[in-house]
Amino acid sequence: MKRGAIIGIVAGAVVVVAAGAGIAWWLLRGETVEQAAERYVQALEDGDRETLEGFLAGDDSRDHVLDLFDGASGHISAASVSPPLDDNSFRVEVTLDGQPGVIGFLLAQESGTWRLAADSLAQIDISSSLGDSAQVGGVTVPLGATLALPAVYPIAPAPADLLDGGVSVAVTNETPVSVNLEASLTPEATAIAQEQLDAYAAVCAEPVTAVPAHCGLRVPWGADLTALSSLDFRIEKTPQVTLAADATSFAATGGQIVATARGTARSGGDGAFTYRADDWSLYGDVMFEDDQMVLAVR
């Protein structure tokens, strides 16, 4: 019994060693370029970031491209990979966003790993009627050219919660994809601009020793005082914002504010005088920078 058990264990060990040797031989043999191409295309179909990461060079642009891909709204399907050409380039017929398309790519080995050639990425050229940025798959990018993996991407003017005009674009790398965004203000934009204006008005109304600039305030204290020592304000109503139809300027009108000026009275001694304005107004420009709206008071 003992000898049989020993023989059985030895036989099992031989089988394991043989299997292990087979695995080692396969690993040494490596992945063919055809296998790598199939794996890359399958990762595009599955939205598999981890696998795609291995095909991209390890620099800052890799994470950017993968972040965009994470926000894609659709991926390729029904892919048919043609045999490679002599330079290890591939042509793949796919379905993307319900339409037939073609993607091409070239693989090259780096330290035994198949990598995607840089010019195998797709290029999206984005312009917008407003702002200097757009959101691609939820990632804010500067207007102009941005690189991406083949997929369907939602592209919107930035900031997306203030500007309408988003589109969905099927992106392959056959030719650069041009996207022109016709941006317009969302209904929420005025309310958010009002919040910014209210905060600005509150700063304008802080106690000071001189009439603050760029606040739309004119306090005629010189009619009653020869010298001003302090100004205190009380806001009764902040100016109400109206954004221009082209979203490039704003007018905030109808504000009400009370100012109390203290200093040396013209009649002699200390004096305090109160002034009221029922037409307090602020005007300025509207800019969209990165993912925010900026009001610049004139």
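Numbers for residues simply follow the sequence, beginning at 1.
Cluster partners of L85: none. The rule joins Ile, Leu, Val, Met, Phe, Trp and Tyr whenever side-chain heavy atoms lie under 4.5 Å apart, and it links nothing here.
In this structure, OG1 in T260 is found 8.5 Å from CG in L231, a value given to the nearest 0.5 Å. For the atom pair CG (L162) and OG (S184), the distance works out to 11.5 Å, reported to the nearest 0.5 Å. Distance check, rounded to the nearest 0.5 Å: OG of S127 to CD of E182 gives 8.0 Å. Here the CG-CD distance, from L295 to Q194, works out to 9.5 Å after rounding to the nearest 0.5 Å. For the atom pair I257 CD1 and D279 CG, the distance stands at 11.5 Å (nearest 0.5 Å). With values rounded to the nearest 0.5 angstrom, D46 atom CG is found 11.5 Å from S77 atom OG.
Clustering ILVMFWY residues whenever any of their side-chain heavy atoms sit less than 4.5 angstrom apart, transitively, puts V177 in the very cluster that holds L149. Under the 4.5 Å side-chain heavy-atom criterion for Ile, Leu, Val, Met, Phe, Trp and Tyr, V297 and I192 are members of the same hydrophobic cluster. Residue V258 is not grouped with residue V219 when hydrophobic side chains (ILVMFWY) are merged at heavy-atom distances under 4.5 angstrom, including chains of intermediate members. Y283 and W280 fall into different hydrophobic clusters, where Ile, Leu, Val, Met, Phe, Trp and Tyr are joined by side-chain heavy atoms under 4.5 Å apart, directly or via other members. When hydrophobic clusters are built by joining Ile, Leu, Val, Met, Phe, Trp and Tyr residues whose side-chain heavy atoms come closer than 4.5 Å, directly or via intermediates, V92 is grouped together with V33.
By the side chain to side chain contact (heavy atoms under 4.5 Å, CB included) test, A247 is found to be paired with L130, L185, F288, residues two or more places apart in sequence or in another chain being considered. Legend: residues meeting side chain to side chain donor-acceptor pair (under 3.5 Å) with R262, ordered by chain and number and at least two apart, are D232. Under the side chain to side chain donor-acceptor pair (under 3.5 Å) criterion, T186 pairs with E188, not counting sequence neighbours.
Across G216 and L282, no two heavy atoms sit closer than the pair N-CD2, 3.7 Å. Between F233 and A205, the shortest heavy-atom distance links the atoms CB-O, 3.6 Å. Nearest approach of A261 to L228, heavy atoms of both residues: CB-CD1, 3.8 Å. Nearest heavy atoms, F250 versus A296: CE2-O, 4.1 Å. Here the shortest heavy-atom pairing between T146 and I126 reads CG2-CD1, 4.3 Å. When every heavy atom of A79 is checked against every heavy atom of E45, the shortest pair comes out as CB-OE2, 3.2 Å.
Among residues at least two apart or in separate chains, there is no side-chain hydrogen bond (donor to acceptor under 3.5 Å, both in side chains) pair with a member in residues 167-179. Sorted by first and then second residue, the salt bridge (charged side-chain N to carboxylate O under 4.0 Å, His left out) pairs with a member in residues 192-215 form an empty list; sequence neighbours excluded. Evaluation of the side-chain hydrogen bond (donor to acceptor under 3.5 Å, both in side chains) test over residues 212-225, restricted to residues two or more places apart or in two chains, returns D224-Y275. Each side-chain hydrogen bond (donor to acceptor under 3.5 Å, both in side chains) pair with one or both residues in residues 86-101, not counting sequence neighbours, appears once here: D87-S89, R91-E93. Screening residues 235-247 for salt bridge (charged side-chain N to carboxylate O under 4.0 Å, His left out) gives R234-E236, E236-R276 as the qualifying pairs, with residues at least two apart or on separate chains. Annotation: ring pair (Phe, Tyr, Trp, His ring centres under 6.0 Å) contacts involving residues 91-147, sequence neighbours excluded, comprise Y40-F105, F90-F105.
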Check your understanding: D48 and Q42: side-chain contact (heavy atoms from CB on, under 4.5 Å), yes or no, with the steps?
Key -> CA-CA 8 Å; D48 183 351; Q42 189 64 53; over 6 Å; no

Check your understanding: Between L44 and H75, does a side-chain contact (heavy atoms from CB on, under 4.5 Å) hold up when you go through it step by step?
Key -> CA-CA 7 Å; L44 290 177; H75 300 123; over 6 Å; no

Practice item. Would you check, one step at a time, whether the test side-chain contact (heavy atoms from CB on, under 4.5 Å) holds for T242 with T253? Key: CA-CA 8 Å; T242 300; T253 59; 5.8 Å; no

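The side-chain heavy atoms of I124 and I155, taken from C-beta on, include a pair separated by under 4.5 Å. Two residues are said to be in side-chain contact when any heavy atoms from C-beta on lie closer than 4.5 Å; L116 and L56 meet this criterion.
Between the Q240 side chain and the T238 main chain, a donor and an acceptor come within less than 3.5 Å of each other. Not one N or O on the side chain of T226 forms a donor-acceptor pair closer than 3.5 Å with the backbone of R266.
Evaluated for a side chain to side chain contact (heavy atoms under 4.5 Å, CB included) with V81, the options V41, I103, V94 yield exactly one hit, V41.
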Give the table of side-chain donor-acceptor pairs shorter than 3.5 Å for residues 65-73, with sequence neighbours excluded, one pair per line with atom names and distance.
{"from": "D67", "atom 1": "OD1", "to": "R49", "atom 2": "NH1", "distance (Å)": "2.9"}
{"from": "D67", "atom 1": "OD1", "to": "R49", "atom 2": "NH2", "distance (Å)": "3.3"}
{"from": "D70", "atom 1": "OD2", "to": "R49", "atom 2": "NH1", "distance (Å)": "2.5"}
{"from": "S73", "atom 1": "OG", "to": "V152", "atom 2": "O", "distance (Å)": "3.4"}

Please list every donor-acceptor pair under 3.5 Å in which a side-chain atom of residues 136-143 meets a protein atom from a residue at least two apart or in another chain.
none

